[in-house]
Amino acid sequence: MAESNFVDYVKIYCRSGKGGRGSMHLRHVKYNPNGGPDGGDGGDGGSVYLRGNHNYWTLLHLKYERHVRAGHGGNGGRDKCHGSNGEDVYIDVPCGTVVYNAENGKYVCDVTCDGQEVLLLKGGRGGLGNFQFRSATNQAPRYAQPGEPMQEMTIILELKLLADVGLVGFPNAGKSTLLSALSSARPKIANYPFTTLEPSLGIVGYRDRQSFVMADIPGIIEGASEGKGLGLRFLRHIERNSLLLFMVPGDTDDIRHEYEVLLGELENFNPDMLDKHRVLAVTKSDLLDSELVEMLRETTPDDIPVVFISAVTGQGLDELKDVLWRELNSESNKLQDIMAEDTLVHRDKDMSQFMAELADEGEDEEIVFVDDADIEDADDLEDFEYTDGGEARK
């Protein structure tokens, strides 16, 4: 994953701008020696915003921009001159990005729509100059306000892909083959486990030029919630899916057991995922005859739709699309989507597991931004490594 263009974890340091200080100035010029206070206000510091952008599908553009800083507000001046406001900074992220505090794993905010702007760090307000403190009893105030300090935070951006249907299954269950058969996506397909190392999206065409989006994630195994395999860390990509398509090969010993194992891993990851609509697809059905198919139907779960398919021969694919489309557009599923938009709750991260995932992504190093004013003597310069943008890293 470190060498892939698909990046769904990024850890960056963000800092807003500090407010400029107000000016303490008394006007004293020729022919007006007692002009009174005329110190101007300081400018406001710049803020840091997150902005949804549908042109991005990964966080790769932020992986090498590890420091984001807004401009500081300018100081007030004489003649009631107002300090300049600091420049705001906008961080463009793909739709479906969730932000967590890197220090404690607390949920910060969520960006789901194109063009949506979320205030991440507010810039400090500028201080008032002594002109603002004049009064009848204090006609020459000799004080002014300092600007408000800046805000800073190290955040972790986590991408959760937006799709209608999410594929769930063990390695070599035929998920990538099905995605390539139903859409124009071309995920890697091979005859060994864990061929898929990153999620893939495909647009599945349906009747009357309608379509829906299908997401393929790496296969999960039993015990994935305890850190086994690599599929569990990608399960967040199907948290936003409205429908889950479970895939179990037809040549397995016990279809119901494998389905229950997959369902148990989802429950351990996020119990709310059990509320989603589910469909079971029995893959590789071209290896089965009609009598064996009827026998296997008796061992499948009774509470969800079951379709026997073969992505290689095309068997059952039209029926599968009909079932998926019917479930996606069912009234109960639409109602569930509306409720999810209004009451979507993100859990805080378990930092023990979270830091292990960041270490796999190479995002576990400490990121510290240092202003030039923070380095007081030449001996401190040896402790920092500077980048081309004038930023310093310990």
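- In this structure the side chain of Asp322 reaches within 4.5 angstrom of the side chain of Arg207, judged on heavy atoms.
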| request: Determine, step by step, whether Leu324 and Asp164 satisfy the side chain to side chain contact (heavy atoms under 4.5 Å, CB included) criterion, reporting the C-alpha distance in whole Å, the side-chain angles of both residues, the deciding distance to 0.1 Å, and the verdict. | output: CA-CA 10 Å; Leu324 294 177; Asp164 299 310; over 6 Å; no

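- You'll find the side chain of Leu317 reaches within 4.5 Å of the side chain of Leu178, heavy atoms only.
- One hydrophobic cluster, built from ILVMFWY side chains closer than 4.5 Å, holds both Val306 and Leu274.
- Residues Lys122 and Val48 fail the side-chain proximity criterion, which asks for heavy atoms closer than 4.5 Å.
- Of all heavy-atom pairs spanning Pro37 and Asn130, the tightest one is CB-ND2, 3.5 Å.
- When all heavy atoms of Cys109 and Leu120 are compared, the pair lying nearest together is SG-CD1, 4.4 Å.
- Remark: side-chain polar atoms of Arg278 are not paired, donor with acceptor, to backbone N or O of Leu244 under 3.5 angstrom.
- By the 4.5 Å heavy-atom criterion applied to side chains, Ser16 and Gln151 are counted as neighbours.
- The two atoms that bring Arg66 and Lys63 nearest to each other are CD-O, 2.9 Å, heavy atoms only.
- Looking at heavy atoms from C-beta onward, Phe308 lies in side-chain contact with Leu296 at the 4.5 angstrom threshold.
- In this structure, the side-chain contact (heavy atoms from CB on, under 4.5 Å) partners of Tyr143, at least two apart in sequence or on a different chain, are Phe133, Asn138, Pro141.
- Of the possible donor and acceptor atoms, one in the side chain of Gln116 sits under 3.5 Å from a partner among the backbone N and O of Cys113.
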| Does the pair Met214 and Leu182 meet the rule for a side chain to side chain contact (heavy atoms under 4.5 Å, CB included), with working shown? | CA-CA 9 Å; Met214 180 176 289; Leu182 295 180; 3.9 Å; yes

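- Checked by atom type, the side-chain pair His82/Asp41 shows no donor-acceptor distance below 3.5 Å.
- Checked by atom type and distance alone, the side chain of Thr58 pairs as donor or acceptor with a backbone atom of Val7 at under 3.5 Å.
- No single ILVMFWY cluster, assembled from side-chain heavy atoms under 4.5 Å apart, contains both Tyr64 and Tyr90.
- Proximity of a side-chain donor or acceptor of Asp79 to a complementary backbone N or O of Cys81 within less than 3.5 Å is not detected.
- A salt bridge links Asp92 to Arg51: one of the charged nitrogens lies within less than 4.0 Å of a carboxylate oxygen.
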Donor-acceptor pairs are to be reported for all side-chain atoms of residues 279-288 against protein atoms at under 3.5 Å, with residues two or more places apart or in another chain.
unit_1, atom_1, unit_2, atom_2, d
Thr283, OG1, Ala173, O, 2.9
Lys284, NZ, Asn172, O, 3.1
Ser285, OG, Val282, O, 2.9
Ser285, OG, Ile309, N, 3.3
Ser285, OG, Ile309, O, 3.1
Asp286, OD1, Ser310, OG, 3.1

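- Cluster membership check: Tyr49 does not share its hydrophobic cluster with Val108, using side-chain heavy-atom separations under 4.5 Å among Ile, Leu, Val, Met, Phe, Trp and Tyr.
- Counting heavy atoms from C-beta on, the side chains of Phe131 and Arg78 never come closer than 4.5 Å.
- Glu258 and Thr252 make their closest contact through OE2-OG1, 2.6 Å (heavy atoms, listed as atom of the first residue, atom of the second, distance).
- Taking the ring axis of Tyr206 as reference, the NZ or CZ atom of Lys321 does not stay both within 45° of it and closer than 6.0 Å to the ring centre.
- Arg15 contributes a side-chain N or O that, together with a main-chain N or O of Ala70, makes up a donor-acceptor pair within less than 3.5 Å.
- Listed for the Glu148 side chain is a donor-acceptor partner under 3.5 Å among the backbone atoms of Arg125.
- Asp216 and Ser176 make their closest contact through OD2-OG, 2.8 Å (heavy atoms, listed as atom of the first residue, atom of the second, distance).
- Ring orientation note: the planes of Tyr107 and Tyr100 are nearly perpendicular, at an angle over 60° on the 30°/60° scale.
- Met247 and Gly174 get closest at one heavy-atom pair: CE-O, 3.5 Å.
- Residues Thr97 and Asp110 fail the side-chain proximity criterion, which asks for heavy atoms closer than 4.5 Å.
- At a threshold of 4.5 Å between side-chain heavy atoms, the hydrophobic network of Ile, Leu, Val, Met, Phe, Trp and Tyr places Ile304 and Leu263 in one connected group.
- When atom types are taken as modelled, the side chain of Lys276 and the backbone of Asn241 share a donor-acceptor pair closer than 3.5 angstrom.
- Checking Ile155, Val68, Thr154 one by one against Tyr13, the side chain to side chain contact (heavy atoms under 4.5 Å, CB included) holds for a single residue, Thr154.
- Transitive grouping of hydrophobic side chains (ILVMFWY, heavy atoms separated by less than 4.5 Å) keeps Leu50 and Tyr56 in distinct clusters.
- Judged by distance alone, the side chain of Asp88 and the main-chain N or O of Gly46 form no donor-acceptor pair under 3.5 Å.
- Proximity of Leu26 to His28: side-chain heavy atoms (C-beta onward) are nowhere separated by under 4.5 Å.
- No donor-acceptor pair under 3.5 Å is formed between the side chain of Asp208 and the backbone N or O of Gln210.
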